[in-house]
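Each ligand, and each atom within it, is numbered from 1 in the order the structure gives.
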Amino acid sequence: MIRYENGSFLLSTPNTSYVMQVNRDGYLGHLYYGKRLDRPLVQDFLRSEEIPSPSVKPGEKVSFLDNFPFEYPASGVGDFRENCLEISDSEQVFGFEPLYKGYIIKKGKPALKDLPASFGHDCETLIITLEDNVRGVELDLGYCVFNDCDMITRWNVVKNLSEKDIYLEKALTLCMDMELEGFSVIRETGVWAREHQAFFTQIQPGVVATESSRGESGHEAAPFIGLVSSNATNETGEAYGFSFVWSGSFLGKVWTNSFGLSRLVMGVNPNNFRWKLKAGDEFTMPEVIMTYSSEGLGKMSRNFHDFIREHIIRSVWKDRQRPVLVNNWEATYLDFDDKKLIEILRTASKAGLDMLVIDDGWFRESKVEPEGGLGDWVPVKSKFPDGFTPVVEEAKKLNIKLGLWFEPEMISIDSDLYRAHPEYALSFPGRVPALCRNQLMLDFSNPDVLDTIYEKIATQIRESHFSYIKWDMNRPICDAYSRYLPADQQGEIFFRHVLGVYKIQEKLLMEFPELLIENCSSGGARFDCGMLYYSPQIWTSDDMDPVERLSICEGTELIYPVSTMGAHVCKNQNDISGRLVSFDTRGLMAIAGTFGYELDISKLSEEDLKKMPAQIRLRRELDKLINRGEYYRLSSFDRRGYRIPGSIAKSYDCMEIVSRDGSEAAVWYMKPLYEPDSRGSRIKLKGLVCSADYDVTVITDADSYFNPDTALLNKRAISGEELMNAGLCLPVIHGDYTGVLILIR
Ligand code: GLA
């Protein structure tokens, strides 16, 4: 619901409200974001009569604006905090004064030009126009308020109505000026194989920031920033979350001044960004989705999950059972050929798998080093003398679908494409370009490059009927010089690169609407809402060790639904950690995700092979629950000390997914290290029906789901009331790295 009354805007979702007001000088101020209000605010939260030093009267621009809670601050007019918009022109004149012009309210949600964006029907859009007449520039602030969930989204459009070209030096999407005493900022950090580690920093005067300048969202930070009140837990206290619908460099920052005013901003990273806005043109800033919860962090996550599932993911696969696949990467790395794949296919068929994904290596001569072939995208003769035909025919015979790996944004120096078009690679004239995995970045600002790469991918899909592609991205952007763009548009490369990625994925989905895309970037370096608009699942991490995955998954689940998280059963011993974990535990833990195998199944022991059909069947039976259920974090296994301030470190990890009607739930539990002479954990479940009776089965392997007599615990008729209040008494679980799945029905 959106209401406008006496210069105030009141935006309300079922449980939250957001209030803005225009002040007497025409500046748009931010008054409130929090628990739902049903009546307009009456006090002067803009503090119009206060006189901050060194001013001598109220409203004197320089100090007044420096403390004014701006809805959207711009540079150069007296607010010296972090601003969102910086405009210059050919004379290097800066500054934009954002003065209120008017508003419109309309039903539904507009699409954003060339950008991924949320969508929906049961929602309303507010556009507030700010203008700077001196510069001839207008700014439309876009807000969409959803009625079915607690989510408000924001984006902006800058319009150059003047007669001369201007440059956007900075164009951040969101500003929130708030008073956040005692709050902590949540950021996610990480590296390859250790993505999405959530950590909390208490707010003090100064800056707490999270960012990527790599041209992708990156391992080091996720395009998300959150806030939690000092008393927050997973179930209580206040939490705010802001997630960016963008897959490139970004900035999220909380800047707090000495009066305790905090300014939170989020948007495209101003590093390596300068956009030429020709006279008459407009520029759309990517969307931020934001939510507020008065029921702790858990509700914030559930708000994100619901919204992402309903209003971000478009794929036809969203609610369908996704294929249970085997991926050959860790099975073979680059050393494979058609015969090896046929061997894997035959075992896959016996085990009941749906798909084989052919990973990196099919287009390269090398069996060891990732070098050569990127950009050509043809099966290499030495590994595929008859192309994909023998594999395609065998797969058809066995009724198994095929998927193929690409890294479309890259080019190898040793490729026919590079030999024919060295100008397609980004590189500074006169400097040897930096290589990473022996590869260079393609210039995705050049439409010929996009057309060429599109055709190469589409040709493989058309010829061999691939029904899935894994779109990988294994190096950041540097040497960002385009031979296609003119001199004064080189600052657009990073932004245009991401637009190019979106454009190709969009075109693929137009030509192949049934295609399942799984995005990936050296594991989970591009896990964001932008990519989820094109692919319903993303590879979470190259680290598949179930113990390592605990914190990776917890951080990812803070924002994204479990059903979007790529999870595979890895080999024993794990290649990254060296850890040995039983096939049963690896299987049960990977079920909390899209599920597949990433080991040489043709070499599995008879015993493990026999277990695969039960694991696959169990995953299929839980599909609806995992796809549609609600997520609760019951305990965090905290090794690194990144946890909600004041919370207690636990020796076990526990996560629950419960159906919306409370009729069934699945709970994943793992205590990584066995403690001698310890007692079983007691866990309090969530979301069940108090008066209902449940059967509770605790299983250490998928087989015992189908044969509950062998389960660790098999108890009938425990009430929902007991399970949620007194808790579930788990038996002692022996051994290190043992996970159990608890099924409640
Ligand atoms: C990245 C991906 C892996 C695999 C390799 C192939 O690291 O995350 O899953 O596809 O590339 O080179």
Kindly assign one of parallel, tilted or perpendicular to the pair [X] and [Y], based on the angle between their ring planes and the thresholds 30° and 60°.
X: His568; Y: Trp539; value: tilted
X: Phe388; Y: Trp362; value: tilted
X: Tyr333; Y: Trp329; value: perpendicular

Any salt bridge between Arg462 and Glu455, counting N to O under 4.0 Å?
yes

Salt bridge present between Lys340 and Asp600 (N-O < 4.0 angstrom):
yes

Pairs under 3.5 Å, N/O atoms on ligand 1 and on the protein: can you put them in a table with the distances?
| from | atom 1 | to | atom 2 | distance (Å) |
| --- | --- | --- | --- | --- |
| ligand 1 | 7 (O) | Asp542 | OD2 | 2.9 |
| ligand 1 | 8 (O) | Gly523 | N | 2.8 |
| ligand 1 | 8 (O) | Asp542 | OD1 | 2.6 |
| ligand 1 | 8 (O) | Asp542 | OD2 | 3.1 |
| ligand 1 | 9 (O) | Lys470 | NZ | 2.7 |
| ligand 1 | 9 (O) | Asp542 | OD1 | 3.2 |
| ligand 1 | 10 (O) | Asp359 | OD1 | 2.7 |
| ligand 1 | 10 (O) | Asp359 | OD2 | 3.4 |
| ligand 1 | 10 (O) | Trp405 | NE1 | 3.0 |
| ligand 1 | 10 (O) | Lys470 | NZ | 3.0 |
| ligand 1 | 10 (O) | Asp472 | OD2 | 3.3 |
| ligand 1 | 11 (O) | Asp472 | OD2 | 2.8 |
| ligand 1 | 11 (O) | Asn474 | ND2 | 3.3 |
| ligand 1 | 12 (O) | Asp360 | OD2 | 2.6 |
| ligand 1 | 12 (O) | Arg437 | NH1 | 3.4 |
| ligand 1 | 12 (O) | Arg437 | NH2 | 2.6 |

Before we go on, tell me: are the rings of Tyr502 and Tyr534 under 6.0 Å apart, centre to centre?
yes

